[in-house]
Every structure is written in C-alpha cells, then in structure tokens.
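The block underneath contains the structure these notes are about, expressed in structure tokens.
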Amino acid sequence: MIPRTVFNTEHEQFRDTVRKFLENEAVPHHAQWEKEGQVDRVLWNKAGEMGFLCPQVPEAYGGLELDFGYNAIIDEEISRLGLTGIGWGLHSDIAVPYIANYGSEEQKQKYLPKCISGEIVTAIAMTEPGTGSDLQNVRTTAIRDGDHYVLNGSKTFITNGQHADLVIVVAKTNPDEGASGVSLLLVDTSLPGFKKGTNLEKIGMKAQDTSELFFDDVRVPAEDLLGGEGQGFIYLMQELPQERLGVAIGAIANAEAGLQWTIDYVRERKAFGRPIASFQNTQFKLAELSSELTALRVFVDRCLELHYEKKLDVPTAAKAKLLATDFQCKLLDECVQLHGGYGYMWEYPIARAWADARVQRIYAGTNEIMKLIIGRDLVKN
Ligand SMILES: Cc1cc2nc3c(=O)[nH]c(=O)nc-3n(C[C@H](O)[C@H](O)[C@H](O)COP(=O)(O)OP(=O)(O)OC[C@H]3O[C@@H](n4cnc5c(N)ncnc54)[C@H](O)[C@@H]3O)c2cc1C
C-alpha cells in the first residue's frame, strides 16, 4: 500500500478517539437505528462533547479551529464502519461552513457555539419535489415584508430533516430572476408555518433521517438572511467543492472497508473443496479492484492536500466525486458477487454498504452534473 501523507500524528491520534467513540456509542445501536429510521438524538450531544462536530470553526466561537483533515477523518471512520445514519458530515462539512463563511457576526455568535455542542442540528434544503439538479429554478419564495421574509414552498430529500433545529433554505427572494434571485435563509424549525414531513423510506442509509419540509407563510426575521440578498447561488457554487470532496473521501474509505471484508470472506469460504480465494477469478477481481482503489486513494488524498491549501477547484472536486462514487458502487457490486447469496443478506455489512452507496452517485450533484461541470470547463474559452 502507498503510505498516506495527508495526516500527521495529531490527526491519527484524533482518528483513534473517533474510532473508539463510534465503536462504543454507534456500532452496537446502528441496526436498531436503521429500524427506527434515525439515530438517537443524544449521539449528537455526545459528539459535541467530544469535539467531533464542526472541528474547523474558529476558537472565537467555541470551535477547535482545525484543518479539514479532521473532518476527513470523521468522514472516513463513519464510512469505514458503515454508520451511514450519522449526519455529521452534512452538518460539519456542508451546512455549518455557510454560517461560518457568510454569516454576520451576530449569526455566528448566536448559532456556531450550539452547532459545535450538538444543541443545534443543521440541514441544508436545496432540492424541491420539482427540481434538484436545476437549482436556479427553485420555486420556494422568500418575499420581503417589512422586517421579515415570508417563506412559502416545499423541499424534499433533506438529510437531517427530522432532527434539524436550523435549516439553511435556498429560496427565491426575487422570483422573476434566475440564479441572481436566489438567497439563503437561516430558518428556525420551530417557527410557525414550518412543518416537517414524514421520514422518507429509502432503499439504503436507513438510519439517516431524510425528510420533506413544508413552509406555509413562515415569517423569517430579515436578520436571518445569510449573506447578501441574491448572492445565494454564488455561495452554493463556492461551497460545493468541499461537499464533493467529503463525499469522495467517504466513498474511498467505504470501498477500502468493503474490499477488506471481502478478502476476509473469500479466505474463509470454501467451494469445490477449497477456499474461494484460491480461484483465479477471485484473485483477478480483487487485484483489479485493489489497483483502481490505490490510484483513487492517491488522487483523493491529493485533492485533500489541495483543499488544505485552498486550491481545490470546482472541476477537480467534481472529478473526485464522480470517480470515487462510481468506483465505490462498482467495487461493492463485485464484492457482493464474491460473497454469493450471503452478499444479499442485510445482516452482512457488504449488503448494507451496497445499498447505502447507491445514493452517492445521486446527491451532492448527480454524477451526470459532475460530467457537465468537467466538460464545460474543458471546452470553455
Ligand atoms: C438520501 C438523499 C439525501 C439527500 N440529501 C439532500 C440534502 O440534504 N439537501 C438537498 O437539498 N438535497 C438532498 N438530496 C437531493 C439530491 O441532491 C437530489 O436528488 C439530486 O441533486 C438530483 O436531483 P433530482 O432528484 O431532482 O433529480 P433530477 O434533477 O430530476 O435528475 C434526474 C436525472 O436527470 C439527470 N439530469 C438532470 N439534468 C441533467 C443535465 N443537464 N444533463 C444530463 N443529465 C441531467 C440527472 O443526472 C439524473 O440522472 C438528497 C437525496 C437523497 C436521495
């Protein structure tokens, strides 16, 4: 294996703490949470106490002010253990950075400490029943009325949707315009007119609460506009590389775990009087997967290094997301095959991983949208 160079000793010590915590506090309960459709809310508060939420947030707001490598380690450990119900990545890597990067001083003081402690769970609501990929065409509106914005519309497929206390809502403050009419609002889920729909039933990630959200004349105080009016689309474009890098990092860690489970399995399982690991087909499959995985691990680590230096550009992040998630799904499918019928049984981690992974090619921008971004960049003037 090619040694990794993106993490230092402190990172690795942090990894040990995260892993032990997850093994004690999440692994024993995850199957039950899958039945319940969500993780125990207390897990968020425990994670807050351990410093696992929003490690990048500056010390001035109660954070640890660490580099994104710490987020990456948390993403990797969650993915390695198949704990797909835990929505800390959405909170720490995706939603909270909008507040940290574009929030007013008052908003940062008000929300960040509680996001770090786990008192507030965040979500980001972009997708609507009628539009996902085409974000410029969201129908949710936030129309200024005195000291408030009046929010109307609905969202769907929102991660952390049931647990969320604070949602960053993508809405049109000027419905007559496209991208330049889009703004972001910080919306407290306890406001009158805000309704959470049912927890959606999915084919994987069963412990992850994913919901519809409805807004019926929700009066959002004007001071809860995030950043400038009409700037929302620009903020989304700026934050998406980190979101996509996080997805790629999780994909590779999960693929590594899937390959290891499969190696362990084929060495034990016998057919025709010998371990299935001894068949040439098995070894060739494993060799192909391991080779591709090594190349992708090096590429994604390099992207992480670039992100440390704030040099990860939009098309490169899109390439990482596209390649890592396509490969994760391919690897897990081959690994299910090598498990035979047991690979189709929910009690086997490989079966769960296979089902959980499918959405990786759909959210954070579909892989077709990734190709669009990469292709457009290649042919631009
Ligand atoms: C488990 C889960 C969690 C999610 N979490 C969140 C969340 O927290 N917040 C949030 O806002 N959203 C979330 N989503 C929504 C997700 O981001 C969207 O589903 C995704 O962006 C695709 O949008 P869509 O479903 O409307 O598909 P569509 O946009 O309708 O796409 C359908 C198909 O058409 C293709 N397509 C669309 N446009 C083009 C084009 N121009 N060229 C080529 N092909 C195209 C797509 O690639 C796709 O294959 C989540 C989804 C799931 C399933």
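Residues: numbered from 1 along the sequence shown. Please read all numbers here as calculations on a predicted model, not as lab measurements. Only heavy atoms go into these numbers, but all of them, side chains included; no hydrogens, no water, no symmetry mates. Counting starts at 1 for both ligands and their atoms, in listed order.
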Nearest neighbour in protein (non-hydrogen) for atom 3 (C) of ligand 1
T159 OG1, 3.3 Å

More than 12 foreign heavy atoms under 6.0 Å from CH2 of W261: is that the case here?
yes

Region of L372 that comes within reach of ligand 1 [heavy atoms, distance under 4.0 Å]
side chain

Any salt bridge between R15 and E76, counting N to O under 4.0 Å?
yes

For atom 33 (C) of ligand 1, is the nearest protein heavy atom under 4.0 Å away?
no

So, E77 and R80, do they make that salt bridge, N to O below 4.0 Å?
yes

Of all the non-hydrogen atoms in the protein, which one sits nearest to atom 40 (C) of ligand 1, and at what distance?
I369 CD1, 4.1 Å

State the atoms of ligand 1, each with its element, that fall below the 4.0 Å cut-off from a heavy-atom position in V359.
1 (C), 2 (C), 52 (C), 53 (C)

Which atoms of ligand 1 have any heavy atom of G132 under 4.0 Å away?
23 (O), 24 (P), 26 (O)

Relative to each other, are the rings of Y348 and Y342 parallel, tilted or perpendicular (30° and 60° limits)?
tilted

For atom 7 (C) of ligand 1, what is the closest protein heavy atom, and at what distance to 0.1 Å?
F157 O, 3.5 Å

Pairs of nitrogen or oxygen atoms closer than 3.5 Å, one from K202 and one from ligand 1: do any exist?
no

Interfacing atoms of ligand 1 (cut-off 4.0 Å, heavy-atom, I124):
7 (C), 8 (O), 9 (N), 10 (C), 11 (O)

Salt bridge or not for R41 and D209, using N-O below 4.0 Å?
no

For K206 and K202, indicate whether the former's side chain and the latter's backbone hold a donor-acceptor pair under 3.5 Å.
yes

Identity and distance of the protein heavy atom lying nearest atom 28 (P) of ligand 1
S133 OG, 3.7 Å

Contacting atoms of ligand 1, where contact means under 4.0 angstrom from a heavy atom of T366:
22 (C), 46 (C), 47 (O)

Nearest neighbour of atom 21 (O) of ligand 1 from the list T156, I362, N367, I168, on a heavy-atom basis
I362

Ligand 1 versus T127, non-hydrogen atoms closer than 4.0 Å: side chain, backbone, both, neither?
both

Using a strict 4.0 Å threshold on nitrogen-to-oxygen distance, state whether K285 and E334 make a salt bridge.
yes

Salt bridge flag under 4.0 Å for residues K20 and D16
no

Can you check whether M126 has an N/O within less than 3.5 Å of an N/O in ligand 1?
yes

Identity of the nearest option to atom 49 (O) of ligand 1, non-hydrogen atoms only, from E128, M370, Q360, E368:
E368

Protein heavy atom under 4.0 angstrom of atom 9 (N) of ligand 1, is there one?
yes

Where does the angle between the aromatic ring planes of F52 and W88 fall among parallel (under 30°), tilted (30 to 60°) and perpendicular (over 60°)?
tilted

